[in-house]
Amino acid sequence: MPRVTQAHLDARRRQILDAARARFATHGFARTSMTDLVEASGLSVGAIYRYFKGKDEIVTAICEEASQALPAELTARTAREFLEHIRAMAREEDHARLVAQIYAEAAVSPPLAALVDRQLADLRTAVAALLPGRKRADAARIAEAFVALCHGYTQQLAVRGDLDPAPFTAALVAILGS
């Protein structure tokens, strides 16, 4: 029997996660069954269970893949570009709706809440590191507000659709200037 390559295994895992991400964004976690994920991925039930024990593991894997596209520095221009990036991800990948679903699920799943909380803490730390010359407490306060406002913008995109980032950019610039 031929041995399955790691590239093949990685491609199947990616196929499952991409299908789940799209389905969760459009239907939510509660309205997505494993059968739905089988249909969306084009794989068999057994193939999905080879990679994940269940839907909760898939949600966790999606969260663990999250990457931050923070700029190298925080300026008015880079804040605007960052929000435009968030907006583009919402339009092109339905990312804002997926994030809304993750937050809703984290509200009722302590393990997922712990993962999201850790990711938010890492993001706040990364933002604070982009504020050289600020006292640690000031940088932490600014980072907290920056992250909250960016996530608020994401939630607004999930509910209101394509939304001009200009007022959010102005608020971020005011936060950065404080």
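Heavy-atom basis, side chains included; hydrogens, waters and symmetry copies ignored.
Looking at T26, its side chain does come within 3.5 Å of a backbone N or O of R23 through a donor-acceptor pair. The backbone N or O of C63 lies less than 3.5 Å from a partner atom in the side chain of Q119, making a donor-acceptor pair. With hydrogens and angles ignored, the 3.5 Å screen pairs a side-chain donor or acceptor of K55 with a backbone N or O of T32.
Closest approach of A140 to A128, counting heavy atoms only: N-CB, 4.5 Å. Considering every non-hydrogen atom in both I58 and A20, the closest pair reads CG2-CB, 3.5 Å. Shown here for M34 and G54, the closest heavy-atom pair between the two residues is SD-C, 4.3 Å. Shortest non-hydrogen contact noted between Q156 and F168 is CG-CZ, 4.1 Å. Nearest heavy atom pair, residue L130 against residue A72, reads CD2-O, 3.1 Å. In this structure, A106 and V116 approach most closely via the heavy-atom pair CB-CG2, 4.2 Å.
Among residue pairs with one or both ends in residues 80-97, those qualifying as side-chain hydrogen bond (donor to acceptor under 3.5 Å, both in side chains) are R77-E81, R87-D162, R91-D162; sequence neighbours excluded.
Among Q6, R12, H8, R14, the one residue that satisfies the side-chain hydrogen bond (donor to acceptor under 3.5 Å, both in side chains) test with D10 is Q6.
Atoms CG and CG, on L112 and D56 in that order, are 8.0 Å from each other to the nearest 0.5 Å. With values rounded to the nearest 0.5 angstrom, L163 atom CG is found 11.5 Å from I86 atom CD1. Note: L37 CG to L17 CG = 10.0 Å, rounded to the nearest 0.5 Å. Here CE of M89 is found 9.0 Å from CG of L98. Values are rounded to the nearest 0.5 Å. A distance of 10.5 Å separates OG of S41 from CG of D36, quoted to the nearest 0.5 Å. How far CD1 of I102 is from CG of L115: 9.0 Å, rounded to the nearest 0.5 Å.
By the 4.5 Å heavy-atom criterion applied to side chains, L131 and D138 are not counted as neighbours. F24 places none of its side-chain heavy atoms less than 4.5 Å from the side chain of E105. The side-chain heavy atoms of F82 and T169, taken from C-beta on, include no pair separated by under 4.5 Å.
With sequence neighbours excluded, no residue forms a ring pair (Phe, Tyr, Trp, His ring centres under 6.0 Å) with F146.
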Donor-acceptor pairs are to be reported for all side-chain atoms of residues 42-50 against protein atoms at under 3.5 Å, with residues two or more places apart or in another chain.
unit_1, atom_1, unit_2, atom_2, d
S44, OG, A47, N, 3.0

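Linking Ile, Leu, Val, Met, Phe, Trp and Tyr residues whenever their side-chain heavy atoms come within less than 4.5 Å places Y51 and V59 in a single cluster. Linking Ile, Leu, Val, Met, Phe, Trp and Tyr whenever their side-chain heavy atoms come within less than 4.5 Å leaves I62 and V108 in two separate clusters.
In this model, no donor atom of one side chain and acceptor atom of the other lie less than 3.5 Å apart for T125 and D122.
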Practice problem: Under the side chain to side chain contact (heavy atoms under 4.5 Å, CB included) rule, what do L70 and L123 come out as? Steps first, then yes or no, please. | Solution: CA-CA 9 Å; L70 284 176; L123 182 56; 3.6 Å; yes
